[in-house]
Amino acid sequence: MKLSRRKLFGLALGATQLGLMARYGLSTASAAPVPGRPTKLLAIWLDGGLHWESFFAPLSRAGINKFIPPAQGGVIPWGYLPDQVENFDRSPADLDAPGPVRKLRGPIYWNWANPADTRGANPVVNNQQLFRPWGYAWADPTYKLFEKASLLVGADQNTAAHASGIVASMCGVAGASFRAPAVQAVIANAMASRFPDRPIPNVSLGGTLPTALGLPALANPTVLRSAASVEPTLSDRRDSAWKGLRTRTDVPDLAFDGSPREGTVPATAVDAALLKVLRAERGVSTSGTDALLEQLYETYKGESRTIRRDILSVLGNTPAWEHLKQDARYPVDWTACIGYADACGPGASMGSYDFALRLLKSDLVTSVNLRASSFNNFTFDTHSANGVQMHTNHLRIALEMVGQMCIEMSLTPSKTDPARSLLDETLVYVYSDFGRTFPKQGSDHHPATCALLVGGGIQGNQMLGGYDETMNGSPMGAPVALVEEDGQRTLRAPRSQDIAATVMNAFGLAPGKDFFIPGGYGVYDGVVKG
């Protein structure tokens with residue numbers, strides 16, 4: 001049967017991804033390896049919806065004057081002037097250049113001559129703002145992180161609701177529930193046969209679960225909170241539960257229908273008995289019950305392999321911050337403040353970055369989804385009277401944490417390819433619920449959002465897309481070059497589907513074979529190398 005867009009779209013409204021794959025023969029297996037592409041995903045959800053335009057500046061000179069308040073705030077700086085905007089690589093920023101592709105740039109709040117300066121006044125803005133160091137990690141010429149990062153600008157989430165916006169960022173389609181698997185699950189599934197020694201392919205460290213929606217059981221998210229949460233769930237360390245039951249024997253790997261597979265399963269006596277009972281339940285009830293039992297069956301086998309791997313010991317022997325801390329400017333226990341010291345908090349309070357690093361460095365995982373915030377768990381879901389000012393300062397701090405994480409990954413050799421770094425083999429995808437109304441309109445929900453891609457396979461130092469500066473109020477996205485799913489190139493305003501498709505395209509995944517997104521999509525042209 002010919003696979004048409006109309007046919008798939010219609011079926012997607014009432015069918016799961018698994019149903020589509022089964023009916024049309026779409027593969028749930030891995031794509032062929034593509035040289036230079038990532039094999040891991042770190043998705044960082046900054047909780048609450050972001051004023052992206054306060055850190056990055058994809059606006060023209062006229063757009064800045066139209067949508068951004070002038071520089072103000074003193075020790076809690078916000079707003080900026082066109083003359084304050086610089087390319088992060090220090091090349092001249094042409095704010096009047098036309099076109100949807102620009103170098104990575106933003107308002108410079110730090111002192112280039114002394115990035116740690118928090119007391120000096122910025123002469124570029126007539127001393128209306130004191131210098132702030134946060135965010136400098138993205139422009140630091142020592143590490144040139146900007147060369148590894150692309151900002152996708154102005155995508156329409158098709159929603160301004162928190163839950164629906166998070167779903168849109170994770171699977172490409174807004175809604176109260178998932179209508180396609182999360183990109184985290186798709187990538188975990190696609191890499192599974194290439195990296196069978198990664199026992200927990202899809203890990204969730206807080207936030208909305210990156211659901212697999214009908215993909216094989218191995219793509220379902222494993223919920224962890226910290227290294228301590230591994231011990232009671234994915235290890236056999238506790239005598240109270242495991243004494244006398246730890247012995248494992250390799251038994252033949254049988255599919256749920258009893259047919260033989262290659263390899264074995266390291267089963268305890270209890271495991272073997274439960275797997276046998278589950279197989280016997282096949283066909284007793286409905287096909288829906290069988291599908292659920294098969295997920296449970298495959299999950300149980302996966303857990304058996306994971307427990308034998310003793311991942312608790314592997315994690316215990318894997319350091320988190322080991323390279324960047326050699327640079328005295330980036331201590332592990334750093335603290336950020338709003339104002340002089342009006343509100344302060346440590347970097348460690350912004351999310352489970354340490355644990356995410358250990359998971360990625362240990363090579364135990366393919367996909368990690370990390371809920372993150374600013375210090376002391378400040379989420380960006382706020383509508384206070386000084387919301388824009390607080391958002392601006394907290395976003396610089398939150399992105400400083402993300403930047404330091406990416407630098408540490410860039411300094412860490414890959415376990416599978418010593419010629420690459422951990423950042424080379426990992427795509428970092430930074431997203432939020434949606435954007436925010438532009439500062440002159442306050443700090444309310446706004447469906448036009450951005451996404452930041454860093455690392456593996458990415459053409460760096462660019463912002464793709466922009467905002468429709470002819471609009472009044474808060475603008476939506478301007479047309480950008482996209483490659484539609486049929487291969488045609490076009491210029492149109494981007495949507496959430498396009499971001500999700502671009503993330504998966506970075507891994508070399510093929511539409512219709514490795515993923516499907518209801519409603520159609522394109523891929524941002526020029527983001528992925530090659």
Side-chain angles (χ1 to χ4, degrees), residues 46 50-59 64 68-93 95 102-149 151 324 327-331 334-347 350 374-375 388-408 410 430 439 452 454 460-461 463:
L46 291 177
L50 304 181
H51 278 287
W52 293 95
E53 72 288 343
S54 70
F55 189 86
F56 299 102
L59 296 164
I64 293 171
I68 305 298
Q72 56 194 286
V75 73
I76 311 179
W78 66 291
Y80 54 89
L81 302 177
D83 289 347
Q84 196 174 350
V85 175
E86 298 184 40
N87 292 338
F88 288 172
D89 66 4
R90 306 291 320 259
S91 64
L95 297 182
R102 304 166 175 86
K103 286 189 173 184
L104 210 62
R105 71 189 188 201
I108 304 303
Y109 290 96
W110 54 79
N111 182 352
W112 284 109
N114 178 18
D117 186 1
T118 59
R119 300 284 174 163
N122 187 351
V124 176
V125 294
N126 299 316
N127 301 324
Q128 294 301 304
Q129 295 175 338
L130 270 64
F131 288 121
R132 300 285 91 181
W134 323 123
Y136 176 73
W138 292 91
D140 187 340
T142 302
Y143 302 107
K144 298 183 179 179
L145 187 56
F146 54 82
E147 291 186 347
K148 306 176 189 296
L151 184 73
L324 185 60
D327 187 334
R329 300 173 303 158
Y330 295 101
W334 68 283
T335 295
C337 293
I338 302 291
Y340 285 118
D342 304 325
C344 299
M350 299 184 201
S374 180
F375 63 68
V388 178
Q389 186 176 26
M390 296 307 295
H391 268 255
T392 299
N393 282 268
H394 276 289
L395 182 57
R396 288 197 295 268
I397 292 166
L399 287 177
E400 174 68 23
M401 184 74 242
V402 175
Q404 291 190 23
M405 174 79 161
C406 291
I407 293 173
E408 173 67 28
S410 74
V430 185
L452 185 60
V454 192
N461 196 17
M463 300 185 294

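Computed over heavy atoms, backbone and side chain alike; hydrogens, waters and symmetry mates excluded.
Residues passing the side chain to side chain donor-acceptor pair (under 3.5 Å) test with T335, sequence neighbours excluded: none. Applying the side chain to side chain donor-acceptor pair (under 3.5 Å) test to Q404 and every residue at least two apart in sequence or in another chain returns W334, E400.
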- Start with the C-alpha gap between L399 and L46, add the side-chain angles, then the distance that decides, and say whether side-chain contact (heavy atoms from CB on, under 4.5 Å) holds. CA-CA 9 Å; L399 287 177; L46 291 177; 4.0 Å; yes
- Task: Could you walk me through whether H394 and F375 pass side-chain contact (heavy atoms from CB on, under 4.5 Å), step by step?
- Result: CA-CA 8 Å; H394 276 289; F375 63 68; 3.6 Å; yes
- Message: Apply side-chain contact (heavy atoms from CB on, under 4.5 Å) to residues V75 and R132 and explain how you reach the verdict.
- Response: CA-CA 8 Å; V75 73; R132 300 285 91 181; 4.0 Å; yes
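Annotation: side chain of F56 is in contact with side chain of L104 (closest heavy-atom distance under 4.5 Å). Between L395 and S374 there is no side-chain heavy-atom pair separated by less than 4.5 Å. Side-chain contact between W138 and V454: present, with at least one pair of heavy atoms (C-beta onward) separated by less than 4.5 Å. The shortest side-chain heavy-atom distance between L130 and Y340 falls under the 4.5 Å cut-off. With contacts defined as side-chain heavy-atom distances shorter than 4.5 Å, the pair Y109/Q84 qualifies.
The two residues A149 and L452 make their nearest non-hydrogen contact at CB-CD1, 4.3 Å. Counting all heavy atoms, side chain and backbone alike, P439 lies closest to P69 at CB-CD, 3.3 Å. Shortest non-hydrogen contact noted between Q129 and G79 is NE2-O, 3.0 Å. Residues S410 and K148 come closest through the heavy atom pair CB-CE, 4.4 Å. T392 approaches P77 most closely through the heavy-atom pair CG2-O, 4.0 Å. Counting all heavy atoms, side chain and backbone alike, P141 lies closest to K144 at O-CG, 3.4 Å.
Of the inter-residue distances, the one linking Y80 atom OH with N122 atom CG reads 14.5 Å to the nearest 0.5 angstrom. A distance of 10.0 Å separates OH in Y136 from CG in N111, rounded to the nearest 0.5 Å. The CD1 atom of I407 sits 8.5 Å away from the CG atom of D327 when rounded to the nearest 0.5 Å. Rounded to the nearest 0.5 angstrom, L324 CG and C406 SG are separated by 11.0 Å. Summarising the geometry, atom CD1 belonging to I108 is positioned 8.0 Å from atom CZ belonging to R90; distances are rounded to the nearest 0.5 Å. The structure places CG of L151 at 11.0 Å from CZ of R105, a figure rounded to the nearest 0.5 Å.
Between the side chain of D140 and the main chain of T142, a donor-acceptor pair closer than 3.5 Å is present. Under a 3.5 Å cut-off, the side chain of D89 and the backbone N or O of S91 do form a donor-acceptor pair.
Between the side chains of Q389 and H391, no donor N or O sits under 3.5 Å from an acceptor N or O.
Between Y143 and Y330, the two ring planes are perpendicular [angle over 60°; tilted spans 30° to 60°].
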